[in-house]
Amino acid sequence: MRGFIKIFEPYNMVIDALNDSLWVADAINMEKSNNEDLYTHSINVAVYTAYILYFGDSSLKESCNNDTKSVILGALLHDIGYIAAKSIPSRRESFNMTETEKICFENHISLGLNYAREFTDNKIIRNIIKMHHENLNGTGFPQKLEAPDIPKYVRVVSIANAFENYVARLPEEDISADLIIPKLRQSIDNDELNHRFDLTLITTLFDNMSNYIETISPLCRSIYKSCDKLMNP
């Protein structure tokens, strides 16, 4: 029974964060009214983020001063700048984007920060919006930061964002832990992933994923409904 509860706890963490931050719930619903894919992406990234936080070690929580709620809120808001950009790339990989999509991608971080500044001075939320495309090896965007300058809680959201983008491109019949996790584990050994992302945090996600991935669609739908209730009581 305890293992079953653990599967659901990350979802509860996201709901609790939204309940305590109505301006974020409003932002997420604004995403929904503009682009359903962006809305579901933001919530899914927040759930993966909560999952890593829940199963991560104490040093992970200490990196954000045990303020895991702010990390989840940052995950929910990481792409809010696309709303101000008034256009959202239809493809996740930058090398496949049109010129218009590239401009939107390049501007969405600064626009997201401008939006967040209207509501909060929370450093954790702002750092996540600002750094979620940075890579540990300095190849990221927009500042080309390296590992020492990227907080661990930002690394969590970066992994959650990359993983969600990967899962979103899969046919629904392939969304299975038995299919996904072995393939991704192999990619860590022969890919640049271990230079871009925090390998310890990736391992935290993969080691606890086997009983989780099959639940993502129905449980995320329950979060979508909760968002609707928050804004339309």
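When reading the values below, keep in mind they use all heavy atoms of this one structure, side chains included, and skip hydrogens, waters and symmetry mates.
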Student: Once rounded to the nearest 0.5 Å, what's the spacing between atom CD1 of I52 and atom OG1 of T200?
Tutor: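 Rounded to the nearest 0.5 Å, the CD1-OG1 separation comes to 11.5 Å.
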Student: Can you tell if the side chain of S158 reaches within under 4.5 Å of the side chain of R196, non-hydrogen atoms only?
Tutor: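 S158 vs R196: side chains apart.
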Student: Grab the two heavy atoms, one from H41 and one from N165, that are nearest each other, plus how far apart they are.
Tutor: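 Answer, listing the atom of H41 first, then N165: CE1-OD1, 3.2 Å.
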Student: Under the salt bridge (charged side-chain N to carboxylate O under 4.0 Å, His left out) rule, what pairs show up with a residue in residues 59-73, not counting sequence neighbours?
Tutor: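 Qualifying pairs: D20-K69.
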Student: Looking at residues at least two apart in the chain, or sitting in another chain, which of them share a side chain to side chain donor-acceptor pair (under 3.5 Å) with T139?
Tutor: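 Partners of T139 under the side chain to side chain donor-acceptor pair (under 3.5 Å) test: N135, N137.
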Student: Is there a path of hydrophobic side-chain contacts, each under 4.5 Å between heavy atoms of I, L, V, M, F, W or Y residues, that connects L111 with F141?
Tutor: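 No, L111 and F141 fall in different hydrophobic clusters.
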Student: Ignoring hydrogens, what is the shortest heavy-atom contact between I109 and H133? Give both atom names and the distance.
Tutor: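 Shortest heavy-atom separation between I109 and H133 comes out as CD1-CD2, 4.1 Å.
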Student: Applying the side-chain contact (heavy atoms from CB on, under 4.5 Å) test to V154, which of I124, D198, N127 qualifies?
Tutor: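 That would be N127.
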Student: Which pairs pass ring-ring contact (aromatic ring centres under 6.0 Å, His included) with one or both residues in residues 56-75, sequence neighbours excluded?
Tutor: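 Matches after skipping sequence neighbours: none remain.
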Student: For H108 and H132, take the angle between the two ring planes, folded into 0 to 90°, and tell me which bin it lands in: parallel under 30, tilted 30 to 60, perpendicular over 60.
Tutor: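 Perpendicular: the ring planes of H108 and H132 meet at over 60°.
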Student: Got a sec, which pairs hit salt bridge (charged side-chain N to carboxylate O under 4.0 Å, His left out) with one end in residues 127-142, sequence neighbours left out?
Tutor: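 Residue pairs passing salt bridge (charged side-chain N to carboxylate O under 4.0 Å, His left out), neighbours aside: none found.
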Student: Is the closest side-chain heavy-atom distance between N35 and Y82 below 4.5 Å?
Tutor: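 They are not in side-chain contact.
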Student: Mind checking the OG1-CD1 spacing from T49 to I159? Nearest 0.5 Å is all I need.
Tutor: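 Output value for this atom pair is 9.5 Å.
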Student: Do the side chain of T40 and the main chain of D37 share a donor and acceptor less than 3.5 angstrom apart?
Tutor: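 Looks like yes, one N/O pair under 3.5 Å.
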Student: Does A50 have any side-chain contact (heavy atoms from CB on, under 4.5 Å) partners at least two apart in sequence or in another chain, and if so, which?
Tutor: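 Applying side-chain contact (heavy atoms from CB on, under 4.5 Å) to A50 gives P10, M13, V14, I72.
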Student: For A162, give me all partners under side-chain contact (heavy atoms from CB on, under 4.5 Å), at least two apart in sequence or on another chain.
Tutor: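 With neighbours one apart ignored, the set is F197.
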Student: Do I128 and L77 make a side-chain contact, defined as non-hydrogen atoms from C-beta onward lying under 4.5 Å apart?
Tutor: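 No, their side chains stay 4.5 Å or more apart.
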Student: Using 0.5 Å steps for rounding, measure from the CG atom of L205 to the CD1 atom of I202.
Tutor: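 One finds 8.5 Å between CG of L205 and CD1 of I202.
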Student: If the condition is side chain to side chain donor-acceptor pair (under 3.5 Å), which residues does N114 pass it with, not counting sequence neighbours?
Tutor: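 Testing N114 for side chain to side chain donor-acceptor pair (under 3.5 Å), a comparison that skips the adjacent residues, returns R117.
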Student: Under 3.5 Å, side chain of T120 to main-chain N/O of A116, donor-acceptor pair present?
Tutor: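 Not a single qualifying donor-acceptor pair exists.
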Student: Side-chain heavy atoms under 4.5 angstrom apart, residues restricted to Ile, Leu, Val, Met, Phe, Trp, Tyr: same cluster for L145 and I129?
Tutor: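 Cluster IDs for L145 and I129 match.
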Student: Calculate, to the nearest 0.5 Å, the distance between atoms OG and CD1 belonging to S33 and I28 respectively.
Tutor: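 Going from OG on S33 over to CD1 on I28, the span is 11.0 Å.
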Student: Any sub-3.5 Å donor-acceptor pair from N161's side-chain atoms to V157's backbone N or O?
Tutor: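 Flag not set: sc N161 to bb V157 has no pair under 3.5 Å.
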Student: I'd like to check the side-chain contact (heavy atoms from CB on, under 4.5 Å) partners of F119; sequence neighbours left out, ordered by chain and number.
Tutor: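 Partners of F119 by the side-chain contact (heavy atoms from CB on, under 4.5 Å) criterion, ordered by chain and then number, come out as W23, Y115.
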Student: Grab the two heavy atoms, one from A75 and one from A46, that are nearest each other, plus how far apart they are.
Tutor: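 Answer, listing the atom of A75 first, then A46: CB-CA, 3.8 Å.
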Student: Quick one: pull up CD1 in I125 and NZ in K123 and give me the separation to the nearest 0.5 Å.
Tutor: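 Rounded to the nearest 0.5 Å, the CD1-NZ separation comes to 13.5 Å.
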Student: Ignoring hydrogens and angles, tell me if any N or O in the side chain of N29 forms a donor-acceptor pair with the backbone of A25 under 3.5 Å.
Tutor: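 Judged by distance alone, yes, a pair lies under 3.5 Å.
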Student: Just to verify, what does D57 make a side chain to side chain donor-acceptor pair (under 3.5 Å) with, not counting sequence neighbours?
Tutor: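 D57 satisfies side chain to side chain donor-acceptor pair (under 3.5 Å) with S59 once adjacent residues are dropped.
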Student: Using every non-hydrogen atom in the two residues, find where R126 and D121 come nearest and quote the distance to one decimal.
Tutor: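 Looking at all heavy atoms of both residues, the closest pair is NH2-CA, 3.6 Å.
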Student: Which residues satisfy the side chain to side chain donor-acceptor pair (under 3.5 Å) test with S42, sequence neighbours excluded?
Tutor: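 For S42 the side chain to side chain donor-acceptor pair (under 3.5 Å) partners, ignoring immediate neighbours, are E31.
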Student: Under 3.5 Å, side chain of R155 to main-chain N/O of I150, donor-acceptor pair present?
Tutor: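 Checking the backbone N and O of I150 against the side chain of R155, a donor-acceptor pair under 3.5 Å is found.
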Student: Report the C-alpha separation of I83 and L38 in whole Å, then their side-chain angles, then the decisive distance to 0.1 Å, and conclude whether the side chain to side chain contact (heavy atoms under 4.5 Å, CB included) test is met.
Tutor: CA-CA 9 Å; I83 298 303; L38 180 63; 3.8 Å; yes
Student: Excluding sequence neighbours, so at least two apart, what forms side-chain contact (heavy atoms from CB on, under 4.5 Å) with I103?
Tutor: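 For I103 the side-chain contact (heavy atoms from CB on, under 4.5 Å) partners, ignoring immediate neighbours, are N107.
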